[in-house]
Amino acid sequence: MTQTKLLAVIGLVVLGIIIVNGTVYSVDERERAVVVRFGQVIRYDDKPGLHFKQPFLDAVHFFPAQILTLEVEPQQIPTIEKKYVVVDSYVKWRIADVLKYFVALGGDELKARDRLSQVINSGLRGEFGKRTMHDVIAGDRAKIMEVLSVNADKAASEYGIEVVDVRIQRVELPPQVRGSVYERMKSERGRIAKELRAKGAEQAEKIRANAERQRDILLAEAYRDAQRIRGEGDARVTGITGRAFGVNPEFYALYRSLSAYRESFKNKDDMLVVDPSADFFKYFKNPRRGAPSGQ
Amino acid sequence: MAWNEPGGSGGKDPWGQRRKEQGPPDLDQILKNIRNKLTGLFGGKRGGANNESVNRYGMWLIIGVALVLWLLSGFYIVQQSERGVVLRFGKKSEITGPGGLHWHWPFPIEHVEKVNVEQVSTLWIGRRNDKSVGAAGADSGYMLTEDENIIVIEFSVQYKVKDPGDYLFNVRDPVSTIVQATESAVREVVGKSQLDFIMTEGQFEVADKTRVLLQQILDRYKCGIQITQVQMQKASPPDDVKAAFEDAIKAREDGDRYIQDAKAYENDIIPRARGGAARLIQEAQGYKASVTARAEGDARRFTSIEKEYAKAPGVTRERMYLETMEQVLSSTSKIFVDLKGGNNVLYLPLEKLVPRASASDAGPVNTLQPLPEPMERSAPAAANSERARDSSRERGTR
């Protein structure tokens with residue numbers, strides 16, 4: 001008897017749990033729930049917290065309420081100049097309208113991603129095809145992303161999806177084009193290197209030339225001044241001697257000649273070939289030659 | 001003597017006759033007890049009337065203990081650096097912390113998720129063989145600049161959790177969201193910058209712009225993350241063109257070196273030239289002063305002599321002449337030639353008399369007297385020619 005009672009009790013507990021479990025469900029902050037009864041959505045906007053439903057009759061579907069990420073596969077996309085770039089991007093999206101999402105896509109996230117990819121890809125092609133390479137890389141990147149976001153949001157709203165953001169990650173050149181870019185970069189560097197060296201040489205040459213010019217001018221001016229000073233000296237000498245010697249030019253000639261002789265023949269190496277008939281030697285041969293005058 | 005001594009006669013112990021029932025419990029007995037208690041709980045009056053009250057108390061005790069244990073399971077510890085986010089039936093109810101012992105309603109009513117809000121984490125972007133960059137792959141650091149050059153950039157991004165609620169609930173996988181957003185933001189900034197700018201003075205600016213843009217993007221997602229720092233770890237040209245870039249850098253150095261060399265040259269020659277110029281002037285002034293002084297000296301001397309000369313011109317003239325000739329002839333070598341002898345064929349072997357005439361400069365031809373004979377400088381050691389008659393040689397040693 002006690003055993004049957006025990007079983008009954010256990011059964012009651014299990015039944016209770018099942019009923020509670022079937023009646024009560026909690027929705028996490030990260031989720032939204034849709035309650036479906038016989039294929040008909042009867043409630044779809046449950047906020048996080050505790051909720052009730054009819055046991056057995058109602059089925060609850062949970063959907064993520066967070067922002068989700070779709071990484072779009074890298075694509076080769078032509079720009080307006082028919083240059084191909086590799087673009088990869090990501091989409092931040094979330095389920096805004098759970099009912100629409102559930103109805104349109106059956107709540108299948110894979111399907112949603114697929115649709116989004118298509119929307120983004122065609123959007124990318126459209127926007128890139130209108131722009132030049134330079135615009136795509138530099139100028140219009142933010143604008144492209146803006147346009148893509150708005151368009152994708154519009155397109156996805158029929159699935160109950162809100163596109164929070166579309167962002168281009170990489171815009172790169174395809175590997176086969178890189179080589180030529182590298183070549184261009186190399187030659188550009190070569191040009192810069194040459195220019196830098198030449199500019200350095202230019203400056204250096206200017207500095208040297210300027211230095212030499214200054215040197216030459218300095219020396220020449222110094223020479224000029226020096227000559228002027230010397231000239232003044234010479235002039236003064238001329239003046240002084242002229243005044244002094246002019247008193248007796250005849251005596252000056254004698255005086256100066258004699259001193260010149262002294263200066264000219266003072267070396268032992270100088271050899272004179274002397275004629276004894278010279279006046280100097282008049283007493284050398286004949287001591288009496290001048291005597292009569294004396295006697 | 002022990003009370004529980006087995007086999008003792010007439011067991012006298014404090015528990016009296018109950019002693020036997022309290023013996024070592026066997027399994028059957030326990031099961032039976034539990035069954036009794038359970039049946040007692042659910043109103044079974046059959047199970048031994050004497051045990052009924054005991055069973056009820058036991059029942060409540062068990063329930064009470066279970067309840068207490070259940071409530072105790074709601075205690076949790078939050079570290080100083082953490083925040084606890086309490087979810088009641090999945091709905092965020094409160095945020096606890098920083099630090100301490102807290103309590104929440106136990107499962108299944110509430111549960112807590114802890115988030116570290118102080119810890120600064122670092123993500124590396126663009127580093128090779130880094131798996132965290134995902135789809136970007138091996139060459140994720142390659143970026144196109146505004147001038148359509150390719151640059152390799154490595155970034156580190158440091159972040160921490162700013163709002164634990166947002167961090168937990170708003171975005172699925174916030175960390176890879178940061179990576180994606182950084183990849184995008186960096187490229188947007190790099191795409192607007194010139195290669196040279198990024199590699200030289202623009203490093204900080206690019207990193208800073210990236211940080212601002214990245215924070216804007218993340219705030220748009222409300223993912224509760226604060227970017228504390230974005231640093232450009234490396235910005236270099238791709239390996240294929242590195243040599244060219246290095247040469248360009250070297251060229252800059254070379255150019256500077258040329259200029260420095262030229263400046264050194266300038267600094268060398270100009271002071272020297274200044275010195276040379278000063279020397280020229282000084283020499284000229286020296287010349288001027290000295291020739292003037294000499295001239296004055298000469299003039300005075302002449303004037304003095306002239307005064308005396310004027311008193312007795314004839315004698316003075318003779319005296320001066322003789323003194324001069326004496327001095328001249330005594331200090332030089334002489335060859336005495338008497339041309340009056342009639343022998344006109346006089347040969348003076350000057351080459352022998354003057355062995356070094358060719359080496360030394362040609363001496364001036366001086367005429368001592370009205371004499372048509374050349375007088376040459378000659379070596380003192382010159383030998384007499386056998387032809388020369390009447391020649392006397394005298395060493396001019398004095």
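Contact check on Glu113(B) versus Arg30(A) returns a salt bridge, with a Lys/Arg side-chain nitrogen under 4.0 Å from an Asp/Glu carboxylate oxygen. Under 4.0 Å is where a charged nitrogen must lie from a carboxylate oxygen, and between Asp165(A) and Arg220(B) at least one such pair does. A salt bridge links Arg189(A) with Asp196(B): the closest approach of a Lys/Arg side-chain nitrogen to an acidic carboxylate oxygen falls below 4.0 angstrom.
Heavy atoms only, all atoms of each residue included: Ile137(A) and Thr145(B) are closest at CG2-O, 3.6 Å. Shortest non-hydrogen contact noted between Leu219(A) and Gly276(B) is CD2-C, 4.1 Å. Heavy atoms only, all atoms of each residue included: Ala299(B) and Ile240(A) are closest at CB-CG2, 3.6 Å. Contact detail for Leu258(A) and Tyr321(B): the closest heavy-atom pair is CD1-N, 3.9 Å.
In this structure, Ile281(B) CD1 and Glu221(A) CD are separated by 9.5 Å, a value rounded to the nearest 0.5 Å. Remark: Arg170(A) CZ to Leu144(B) CG distance equals 10.5 Å, nearest 0.5 Å. Between the CZ atom in Arg208(A) and the CD1 atom in Ile259(B) there is a gap of 11.5 Å [rounded to 0.5 Å]. Annotation: the span from Arg197(A) atom CZ to Arg257(B) atom CZ amounts to 8.5 Å, rounded to 0.5 Å. A distance of 4.5 Å separates CD of Glu148(B) from CE of Met133(A), quoted to the nearest 0.5 Å. Separating the CD1 atom in Ile305(B) from the CG atom in Leu254(A) is a distance of 10.0 Å, to the nearest 0.5 Å.
Contacts of Ala181(B) with chain A are made by both backbone and side-chain atoms, with heavy-atom separations under 4.5 Å. Neither the backbone nor the side chain of Asn267(B) comes within less than 4.5 Å of any heavy atom of chain A. Proximity to chain A (any heavy atom under 4.5 Å) is shown, for Glu283(B), by both the backbone and the side chain. In this structure, chain A has no heavy atom under 4.5 Å from any part of Asp256(B). Residue contact with chain A, scored on non-hydrogen atoms closer than 4.5 Å, involves the side chain of Leu213(B) exclusively. For a residue to count as touching a neighbouring chain, one of its non-hydrogen atoms must lie under 4.5 Å from one of that chain's; by this rule Arg88(B) touches chain A with the backbone only. With a threshold of 4.5 angstrom between heavy atoms, Gln194(B) does not approach chain A through any atom at all. At a 4.5 Å heavy-atom cutoff, the contact between Ile217(B) and chain A is made by side-chain atoms alone. With a 4.5 angstrom heavy-atom cutoff, Lys222(B) does not touch chain A via any of its atoms.
No more than 12 heavy-atom neighbours from other residues, nucleotides or ligands sit within 6.0 angstrom of CD on Glu73(A). By the 6.0 Å contact criterion, CZ on Arg300(B) is open, its count of non-hydrogen atoms from other residues, nucleotides or ligands being 12 or less. Atom CD of Glu146(A) has 12 or fewer heavy atoms from other residues, nucleotides or ligands within 6.0 Å.
With a 4.5 Å cut-off on side-chain heavy atoms, Arg215(A) and Arg274(B) do not count as touching. Side-chain contact between Arg172(B) and Pro64(A) is present, with at least one heavy-atom pair separated by less than 4.5 Å. Put simply, the side chain of Gln285(B) does not reach to within 4.5 Å of the side chain of Arg230(A), judged on heavy atoms. Side chains of Glu29(A) and Leu168(B) form no contact here, defined as non-hydrogen atoms less than 4.5 Å apart. With a 4.5 Å cut-off on side-chain heavy atoms, Ile229(A) and Tyr287(B) do not count as touching. Side-chain contact check for Tyr255(A) versus Arg317(B): every heavy-atom pair is 4.5 Å or farther apart. Using a 4.5 Å heavy-atom cutoff, the side chains of Lys92(A) and Thr177(B) are in contact. Within the 4.5 Å cutoff, the side chain of Tyr142(B) has heavy atoms near those of the Arg178(A) side chain.
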Practice item. Mind running side chain to side chain contact (heavy atoms under 4.5 Å, CB included) on Phe245(B) and Met185(A) for me, showing each step along the way? Key: CA-CA 9 Å; Phe245(B) 272 78; Met185(A) 288 172 78; 3.9 Å; yes

Exercise for review: Take Glu188(B) and Arg141(A), measure what salt bridge (charged side-chain N to carboxylate O under 4.0 Å, His left out) needs, and give me the verdict at the end.
Suggested key: CA-CA 7 Å; Glu188(B) 186 174 337; Arg141(A) 198 189 276 244; over 6 Å; no

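If you check the side chains of Ser26(A) and Lys91(B), you find no donor sitting under 3.5 Å from an acceptor. Neither side chain, Thr292(B) nor Arg236(A), offers a donor N or O lying under 3.5 Å from an acceptor on the other. Gln169(A) and Gln180(B) are not linked by any side-chain donor-acceptor pair at a separation below 3.5 angstrom, with hydrogens and angles left out of the test. Residues Tyr265(B) and Glu212(A) have side chains that bring a donor and an acceptor to within less than 3.5 angstrom of each other. Between the side chains of Asn149(B) and Arg184(A), at least one donor-acceptor pair of N or O atoms lies under 3.5 Å.
At distances below 3.5 Å, at least one donor-acceptor pair connects side-chain atoms of Ser331(B) with backbone N or O atoms of Phe265(A). Side-chain atoms of Ser184(B) come within 3.5 Å of backbone N or O of Ile168(A) as a donor-acceptor pair.
Using cut-offs of 30° and 60° on the angle between ring planes, the pair Tyr221(B) and Tyr90(A) is perpendicular.
Contacts classified as ring pair (Phe, Tyr, Trp, His ring centres under 6.0 Å) and involving residues 217-247 of chain A (residues at least two apart or in different chains) are given here: Phe245(A)-Tyr252(A), Phe245(A)-Phe302(B).
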